[in-house]
Amino acid sequence: QVQLVESGGGLVQAGGSLSLSCAASGGSFSNYAMAWFRQAPGKERQFVARISRSGRTTVYADSVRGRFTISRDNAVNTVYLQMDSLRPEDTAVYLCAADRSVLGRTTSEAMDYWGKGTLVVVSS
């Protein structure tokens with residue numbers, strides 16, 4: 001059983017930056033691909049970014065490509081999401097997820113474990 005705990009959310013003005021972290025415990029972190037999703041009020045959960053087990057391969061949603069960067073440090077069991085040039089439409093709860101598969105999946109249903117999320121609010 002893998003436990004995931006996100007941190008780093010908060011309030012930021014449009015154009016600003018935030019860095020999210022997700023600390024994993026209870027499993028072998030390097031055996032999981034990791035992903036970030038987000039869910040805005042009244043909307044479905046949306047894929048944001050994914051990183052492979054080694055960290056060599058990353059995938060981004062079109063809406064965040066070029067503005068967000070996912071990374072991981074397997075030595076400290078943590079995945080990060082650096083968010084730059086934030087927009088009001090980025091406002092959401094951001095959730096970390098772990099996927100034991102190597103298939104590169106980006107759907108919510110494919111994830112095996114979830115954190116509880118951290119709230120990001122971008123003001124205009």
Side-chain angles (χ1 to χ4, degrees):
Q1 186 77 10
V2 175
Q3 292 82 44
L4 303 172
V5 179
E6 302 92 338
S7 61
L11 174 64
V12 64
Q13 288 189 330
S17 298
L18 275 177
S19 182
L20 306 183
S21 299
C22 172
S25 61
S28 183
F29 182 68
S30 60
N31 285 345
Y32 292 87
M34 299 298 296
W36 287 95
F37 288 76
R38 65 187 181 186
Q39 189 162 18
K43 295 190 177 181
E44 292 187 355
R45 192 166 293 183
Q46 177 186 44
F47 168 75
V48 174
R50 176 188 172 99
I51 189 166
S52 63
R53 296 175 178 183
S54 66
R56 286 194 290 266
T57 302
T58 57
V59 179
Y60 295 93
D62 289 344
S63 58
V64 307
R65 188 177 295 112
R67 300 188 297 122
F68 290 11
T69 302
I70 188 171
S71 62
R72 67 189 294 163
D73 187 343
N74 287 348
V76 294
N77 296 347
T78 303
V79 61
Y80 306 96
L81 186 68
Q82 176 65 37
M83 305 186 294
D84 299 317
S85 302
L86 282 161
R87 305 167 179 168
E89 54 264 38
D90 295 319
T91 294
V93 173
Y94 283 72
L95 304 107
C96 173
D99 179 10
R100 64 168 64 94
S101 167
V102 296
L103 297 177
R105 302 177 296 187
T106 58
T107 60
S108 297
E109 295 75 16
M111 302 297 118
D112 294 299
Y113 299 102
W114 290 91
K116 293 184 177 181
T118 185
L119 177 63
V120 172
V121 178
V122 184
S123 63
S124 58

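Just so you know, these numbers use all the heavy atoms, side chains as well, and skip hydrogens, waters and symmetry mates. Because the structure is predicted, anything quoted here is derived from the model rather than measured. Just so you know, residue 1 is the first one in the sequence shown, and it goes up from there.
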> OG/S52 to CG/D99 distance, rounded to the nearest 0.5 angstrom?
Replying inline: 11.5 Å
> Pick one: which of I51, V48, T69 meets side-chain contact (heavy atoms from CB on, under 4.5 Å) with Y60?
Replying inline: T69
>> What I want to find out is whether R87 reaches D90 closely enough, with some N-O distance under 4.0 Å, to be called a salt bridge.
In response: no
>> Test of understanding: clusters of I, L, V, M, F, W, Y form through side-chain heavy atoms closer than 4.5 Å, transitively. Do L20 and I70 belong to the same one?
In response: yes
>> Minimum heavy-atom separation for M34 and L4, please, with both atom names.
In response: CE-CD2, 3.9 Å
> Counting N and O atoms only, with roles assigned by atom type, does the side chain of T91 sit under 3.5 Å from a partner on the main chain of V122, one being a donor and the other an acceptor?
Replying inline: yes
> Are V93 and Y113 linked, directly or through other ILVMFWY residues, by side chains that come within less than 4.5 angstrom of each other?
Replying inline: no
> What are the two closest non-hydrogen atoms of V2 and A24, and how far apart are they?
Replying inline: CG1-CB, 4.5 Å
>> To check you understand the geometry: which heavy-atom pair defines the closest contact between R38 and A92, and what is its length?
In response: CB-CB, 3.8 Å
> Can you name the closest pair of heavy atoms from S21 and Y80 and give their distance?
Replying inline: OG-CD2, 3.4 Å
> With no hydrogens and no angle check, is any side-chain donor or acceptor of E6 less than 3.5 Å from a backbone partner on C96?
Replying inline: yes
>> I want to check something: taking the side chain as every heavy atom from C-beta on, are S63 and E89 in contact at a cut-off of under 4.5 Å?
In response: no
> Given the rule that I, L, V, M, F, W and Y join up when any side-chain heavy atoms are under 4.5 Å apart, are L119 and V12 in one cluster?
Replying inline: no
> Is R53 reaching over with its side chain to a backbone N or O of N31, donor-acceptor style, under 3.5 angstrom?
Replying inline: yes
> Does any N or O in the side chain of R72 come within less than 3.5 Å of the main-chain N or O of G55, such that one atom is a donor and the other an acceptor?
Replying inline: no
> Taking all atoms of both residues into account, what is the closest heavy-atom pair of A33 and R50, and its distance?
Replying inline: CB-NH2, 3.2 Å
>> Please find the pair of heavy atoms, one from V79 and one from F29, that lie closest to each other, and give the distance.
In response: N-CZ, 4.0 Å
> Do L81 and Y32 share a hydrophobic cluster, counting only Ile, Leu, Val, Met, Phe, Trp and Tyr and linking them when any side-chain heavy atoms are less than 4.5 Å apart?
Replying inline: yes
> Going only through I, L, V, M, F, W and Y residues with side-chain contacts under 4.5 Å, is there a path from V102 to V59?
Replying inline: no
> Does C22 reach the side chain of Y94, with side-chain heavy atoms less than 4.5 Å apart?
Replying inline: no
> Could you state the interatomic distance from OG (S19) to CE (M83), rounded to the nearest 0.5 Å?
Replying inline: 8.0 Å
> Given the rule in the side chain to side chain contact (heavy atoms under 4.5 Å, CB included) test, do F68 and W36 qualify, once you have shown the distances and angles that lead to the verdict?
Replying inline: CA-CA 11 Å; F68 290 11; W36 287 95; over 6 Å; no
